[in-house]
Amino acid sequence: AAAARSRRRTRCSPCTRWSAEPGRAMSSNPTLAAAAAATEATMPAATPATGRGAAGAQPGRAGAPLGFLVKTWPKLSETFILEEVLGLERRGLALRLYALQSADEGMAHGALAAVRSPVVVLPPLAWRHAPAHLARHAGCVLRRPLAWAAALAGAWRRGALPAFARAGWLAAQWRRDGVPHLHAHFIAEPAEVAMIAAQLLGRPFSISAHAKDIYLSAPADLRCRLEAARFTVTCTEANRQVLAQLAPAARVRRMYHGIDAQQFHPLRRGTGAAADAPPLVLAEGRLRAKKGLDTLVDALSDSCEVQAFHL
């Protein structure tokens with residue numbers, strides 16, 4: 001992170017990525033109530049030139065859906081995204097979920113069955129999908145030729161032509177679905193595709209930044225996406241500080257992941273343990289410093305209220 005902060009800042013234009021056709025539609029379904037509120041509060045009406053459903057449209061409850069772009073759906077380990085989707089649905093927001101690829105894990109989280117929002121999986125970059133890619137890019141050229149040319153030039157400079165390819169397809173689907181605003185999870189590939197699609201379409205996007213997508217990405221690429229996004233949220237204060245130092249003018253907010261408090265509730269624990277038994281603390285994570293397990297042990301050791309505990 002220190003090395004990233006010390007690098008010289010360079011300005012960049014948003015890059016471009018292609019996108020593919022929605023290969024298949026799947027049905028899918030606290031959480032991040034703050035994200036919904038922030039998106040609705042900051043969303044301006046798109047201009048009529050941006051296409052169907054754009055003029056005066058507001059995301060979520062007003063009828064126009066809020067778009068969500070993820071790399072893989074559904075992914076077993078990314079329960080924080082699943083909980084966010086479920087939380088926004090509980091608040092009554094209409095969503096459209098887009099995935100760069102479908103999962104092939106052989107199992108899925110049980111809560112996935114509660115997701116109601118439709119999911120579109122973008123087809124990969126392959127010869128059999130080339131006609132669809134070209135057709136959608138042709139539509140982007142006809143609607144916004146200067147934006148398309150600028151996006152292509154930016155992608156060429158940044159070595160992001162595969163991203164440009166996918167973003168063209170996504171932009172066309174985004175317009176057809178009448179989505180005024182797209183939110184991308186992970187500031188690496190999904191945010192890159194979302195940024196270019198937003199440039200092609202002339203609509204705003206936002207980002208959720210998490211962990212390795214921050215620290216394994218080039219600082220110049222992060223800065224470009226941060227400055228292009230309407231806002232960025234991230235799940236720790238350390239992440240927020242790193243991103244804010246990379247792009248001081250960008251709007252970066254800390255927002256912790258939530259859980260379903262109805263499901264995970266201390267009053268619903270089993271009653272088999274003795275009343276005076278020490279609390280049982282269960283923590284899961286790799287033994288890496290960024291997982292913060294040492295912080296958990298220190299906090300429990302220093303607590304005046306916890307005299308003993310099992311970990």
Side-chain angles (χ1 to χ4, degrees), residues 1 3-21 69-72 98-101 121-141 144-174 182-230 232 234 239 242-243 245-247 249-250 252:
R5 289 194 295 270
S6 66
R7 290 197 183 185
R8 179 176 58 87
R9 284 194 205 134
T10 57
R11 292 197 58 81
C12 61
S13 59
C15 347
T16 22
R17 287 188 182 254
W18 265 49
S19 124
E21 311 179 351
L69 176 65
V70 298
K71 183 175 182 179
T72 305
Y98 305 103
L100 298 181
Q101 63 190 32
V121 180
L122 279 65
L125 294 180
W127 284 111
R128 67 182 182 276
H129 298 299
H133 293 319
L134 292 173
R136 295 208 170 191
H137 271 275
C140 292
V141 172
R144 291 169 55 84
L146 295 181
W148 187 90
L152 176 60
W156 177 270
R157 287 193 300 270
R158 293 162 53 91
L161 290 179
F164 175 75
R166 305 203 79 185
W169 195 93
L170 176 61
Q173 189 65 37
W174 182 352
L182 183 69
H183 186 76
H185 265 284
F186 294 102
I187 200 171
E189 185 181 8
E192 181 81 354
V193 174
M195 178 181 69
I196 300 170
Q199 183 184 14
L200 293 173
L201 194 56
R203 296 186 188 177
F205 78 102
S206 52
I207 303 170
S208 283
H210 296 284
K212 69 178 183 179
D213 54 319
I214 299 173
Y215 298 103
L216 297 184
S217 297
D221 291 342
L222 292 175
R223 187 177 307 112
C224 187
R225 297 161 196 159
L226 288 165
E227 292 177 347
R230 173 61 53 81
T232 298
T234 188
N239 287 351
V242 168
L243 296 174
Q245 289 177 354
L246 278 172
V252 183

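Any value given below was found using the heavy atoms of this structure, including those in side chains, with hydrogens, waters and symmetry copies removed.
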What residues form a ring pair (Phe, Tyr, Trp, His ring centres under 6.0 Å) with F186, not counting sequence neighbours? H210
Taking all non-hydrogen atoms of both residues into account, name the closest pair between A194 and L182 and its distance. CB-CD2, 3.9 Å
How long is the span from the OG atom in S208 to the CG atom in L69, to the nearest 0.5 Å? 11.0 Å
Any side-chain heavy atom of S217 within less than 4.5 Å of one from R225? yes
How about L161 and L152: do any of their side-chain heavy atoms sit closer than 4.5 Å? yes
Could you check whether any side-chain heavy atom of T234 comes within less than 4.5 Å of a side-chain heavy atom of I214, counting everything from C-beta outward? yes
Verify side chain to side chain contact (heavy atoms under 4.5 Å, CB included) between Y215 and V242, making sure each step is shown before the conclusion. CA-CA 9 Å; Y215 298 103; V242 168; 3.9 Å; yes
Is any side-chain heavy atom of E189 closer than 4.5 Å to a side-chain heavy atom of K71? yes
Is the side chain of R223 donor-acceptor paired with the backbone N or O of A247 at a distance under 3.5 Å, no angle test? no
Will you find, in the side chains of Q173 and R136, an N or O donor that is under 3.5 Å from an N or O acceptor? yes
Verdict with reasoning, R230 to F205, per side chain to side chain contact (heavy atoms under 4.5 Å, CB included): CA-CA 6 Å; R230 173 61 53 81; F205 78 102; over 6 Å; no
Full working for side chain to side chain contact (heavy atoms under 4.5 Å, CB included) between H137 and W148: CA-CA 8 Å; H137 271 275; W148 187 90; 3.0 Å; yes
Can you confirm whether Q101 sits close enough to P124 that some side-chain heavy atom of one is under 4.5 Å from a side-chain heavy atom of the other? no
Note: A150 and Q199 closest approach over all heavy atoms is CB-NE2, 3.7 Å
Heavy-atom closest contact (L201 atom, A171 atom, distance): CD2-O, 3.8 Å
Assess whether side chain to side chain contact (heavy atoms under 4.5 Å, CB included) is satisfied between Y98 and V70, documenting all intermediate values. CA-CA 6 Å; Y98 305 103; V70 298; over 6 Å; no
Of all the heavy-atom pairs spanning L222 and D213, show the shortest one and how long it is. CD2-O, 4.0 Å
Hey, does L100 have a side-chain heavy atom less than 4.5 Å from the side chain of P190? yes
Between NZ of K212 and CD1 of I187, what distance do you get to the nearest 0.5 Å? 15.0 Å
